[in-house]
S.K.: 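There's a structure below that I have some questions on.
Heavy-atom basis, side chains included; hydrogens, waters and symmetry copies ignored. Chain letters run A, B, ... following the sequence lines, proteins first and then strands; every chain starts at 1. All values reported here derive from a predicted model rather than from experimental measurement.
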Amino acid sequence: MTNNRLAEFDHQWQTITRGTVDVLPEEDFQQKVKDSLAGKRGPLRIKQGFDPTSPDIHLGHTVGIRKLRQFQELGHQIVLIVGDFTSMVGDPSGQSATRPKLSYDEIMKNAETYQDQFFRILDKSKTEIRYNGEWFKEMSFAEIMELATKFTVARILERDDFSKRFKAGVAISIHELFYPLMQGYDSVAMKADVEIGGTDQTFNLLAGRTIQEAFGVEAQAILTMPILVGLDGVKKMSKSLGNYIGIEESAREIFGKSMSIADDKIYEYFELATDVTLEKLEEIKKSLSNPDVNPMLIKKELGEKLVEMYHPEGSGKAAREEFERVFSQKKLPDEIPEMTVADLEKIEIDPSKIFLVHLISKAKMAKSGSEARKLIKAGAVTIDDDKITDVDHEFELTGEMILKVGKRRFLKLID
RNA sequence: GGUGGGGUUCCCGAGCGGUCAAAGGGAACAGACUGUAAAUCUGUCGGCGACGCCUUCGAAGGUUCGAAUCCUUCCCCCACCA
């Protein structure tokens, strides 16, 4: 190897391994990179699969996607597998129970929104997207059985979540056991050189190696990324737990949600969800351990960074100012949803005699009338800064009125 | 296939003929305090223009003045046996 190429290898390897948990098997992986650099093989095919079980990509997903982006910048080929077929199985990873199955239509709808969101981070022209239904739909039963011979029950039961469920006597359906096999087969079909995933995917990724070898394909190297904890600071970030920040969310939402991150998770978010430099990370670590620095300030910085990753430059600062105005100074936000007399009539509310409970529920500021009543009783509702606690409250719309429900739901009524 | 246990509101889990919209905990949501952090305290936690009414306790029937609670059938889960 020439010095030049050696330097290039070091650079690549450093980039590849930054922020990862496991890189396995390391020597194999390094060899692949070296061979690729030496022109003995093409760019590496880096695979990651996504099951479109919800329409939004959140920061948890971006940990892997941003790693893919780095590979892309190093000149490698990204292969995204949209698990239209595997979604129907539902990966039981980390789940204590069988997942509910989604309909094919729902999955395909989600898959579409996924694509757009991927390309907010990845370079579209250098990305191959494949749906795994492409090969699974065509499989005969004989082929499925053939696939099933490549793995044993004992090995499947090594997987932590399966063995726990098994011991605890929680149902495991046969089809769930197939999930690792299917994911592995994706790697066969795609001839993946590397597959990346969260640490909860380690088993599946390794299974991929076994399956590939069984089908006479070179085994992939695997690379795992840390799991980003959700806003609750405890569980994995996920849509179904509602503890996520979606990348399509408004600047205001992203900033606001960032502010609710637990203090001891601030560093983690900087490390896993932003692109700040290593030096900056060190600085943050120091500030966080300095008792004289209010962690809130660092969190605000995090919020700005996160907003700017998915919104135009300057929007982070704007979101911060807006936040400070609304929550610290309790002033009104910049933009408040508005309703005119015509809008009110549309939702069957008479502007001359507005029944507050109906307004709140019909304007979707609460799930139901009962919910609206509860909020009123709890003292969460104000009209023009006057707290209303009478559940029978009625009023007439005159001029402009500001209705506030809880801390963050505002509505401007216009006569 | 047999025997026994079980399926309760978002989750866990009590209830085992009326006082049950269903104990307790968790989650969540609001209020106070704050930094939309944590901790703490308080309240709410099926729906309805509501001191009443309607719909819920795996599903469908039945017994009863009255059922989450009893009976029948069915579906599902678990344990042991085969």
Side-chain angles (χ1 to χ4, degrees), chain A residues 95-101 164-174 176 229-236 238-245 249-270 287-288 291-304 306-307 319-333 347-350 353-362 364-382 387-395 403-410:
Chain A
Q95 302 274 317
S96 50
T98 308
R99 282 192 179 206
K101 283 196 223 72
K164 270 190 196 142
R165 282 166 64 184
F166 193 64
K167 279 182 199 141
V170 178
I172 303 173
S173 303
I174 302 280
E176 293 181 80
V229 73
L231 297 175
D232 58 340
V234 180
K235 296 192 185 113
K236 175 180 173 175
S238 85
K239 168 84 181 198
S240 55
L241 293 173
N243 60 357
Y244 69 102
I245 298 178
E249 291 192 88
S250 68
R252 192 200 292 188
E253 281 295 314
I254 293 178
F255 191 89
K257 286 185 175 183
S258 302
M259 291 310 287
S260 72
I261 291 167
D263 283 0
D264 59 349
K265 299 290 184 267
I266 296 174
Y267 181 79
E268 228 173 286
Y269 271 74
F270 265 111
S287 307
L288 283 169
D292 293 332
V293 178
N294 186 342
M296 179 195 56
L297 295 174
I298 306 169
K299 215 192 303 192
K300 282 184 176 169
E301 203 178 320
L302 172 65
E304 282 188 42
L306 289 175
V307 168
R320 175 184 184 144
E321 282 164 3
E322 163 93 353
F323 176 86
E324 286 168 348
R325 184 167 61 243
V326 177
F327 294 104
S328 308
Q329 298 163 35
K330 302 219 188 309
K331 291 192 181 152
L332 294 176
I347 56 172
E348 290 172 2
I349 286 182
D350 174 5
K353 194 166 177 248
I354 299 174
F355 179 43
L356 185 57
V357 168
H358 276 176
L359 175 62
I360 292 174
S361 64
K362 289 192 175 166
K364 305 244 162 69
M365 295 174 87
K367 273 184 226 127
S368 64
S370 296
E371 178 88 21
R373 275 163 204 274
K374 279 168 213 156
L375 289 165
I376 293 170
K377 277 189 214 157
V381 178
T382 63
K387 188 175 282 185
I388 309 292
T389 50
D390 174 16
V391 293
D392 295 319
H393 186 75
E394 286 181 355
F395 64 99
L403 172 66
K404 189 178 174 192
V405 176
K407 281 184 194 133
R408 49 197 125 156
R409 280 162 279 176
F410 295 89

S.K.: Quick one: does A:E371 reach the base of B:rG46 with a side-chain donor-acceptor pair under 3.5 Å?
M.R.: no
S.K.: Which value, in whole Å, describes the distance between the C1' atoms of nucleotides B:rA68 and B:rU9?
M.R.: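 One C1' to the other, the span is 11 Å.
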S.K.: A:K299 has an atom NZ; how far is it from atom C1' of B:rG35, in whole Å?
M.R.: 7 Å
S.K.: With both distances under 3.5 Å as the test, what is the Watson-Crick or G-U wobble partner of B:rC70?
M.R.: B:rG62
S.K.: Just how far, in rounded Å, is C1' of B:rU34 from NZ of A:K300?
M.R.: 12 Å
S.K.: For B:rA59 and B:rU8, measure between their P atoms and round to the nearest Å.
M.R.: 10 Å
S.K.: Just call it for A:L297: base, sugar-phosphate, or nothing, with non-hydrogen atoms closer than 4.0 Å on any strand.
M.R.: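 No contact at all - A:L297 keeps every heavy atom at 4.0 Å or more from the nucleic acid.
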S.K.: Give A:G256 one of three labels, base, sugar-phosphate or nothing, depending on what nucleic acid heavy atoms sit under 4.0 Å from its own.
M.R.: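 Answer is base: heavy atoms of A:G256 come under 4.0 Å of a base.
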S.K.: Under 4.0 angstrom, heavy atoms only, what part of the nucleic acid is A:S368 near: base, sugar-phosphate, or nothing?
M.R.: sugar-phosphate
S.K.: When rounded to the nearest Å, what value does the distance between P atoms of B:rU69 and B:rA21 take?
M.R.: 14 Å
S.K.: How close or far is atom C1' of B:rG49 from atom CZ of A:F395, stated in whole angstroms?
M.R.: 15 Å
S.K.: At 4.0 Å (heavy atoms only), tell me whether A:E394 reaches a base, stays on the sugar-phosphate, or touches nothing.
M.R.: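 Touches a base.
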S.K.: Name the orientation class of the two ring planes belonging to A:F323 and A:F327 (parallel below 30°, tilted from 30 to 60°, perpendicular beyond 60°).
M.R.: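 Rings of A:F323 and A:F327: tilted, 30 to 60°.
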S.K.: Round to a whole Å and report the spacing from CG of A:L288 to C1' of B:rA37.
M.R.: 12 Å
S.K.: In whole angstroms, how far is the P atom of B:rG49 from the CD1 atom of A:I376?
M.R.: 12 Å
S.K.: How long is the line joining NZ of A:K407 and P of B:rA30, in whole Å?
M.R.: 7 Å
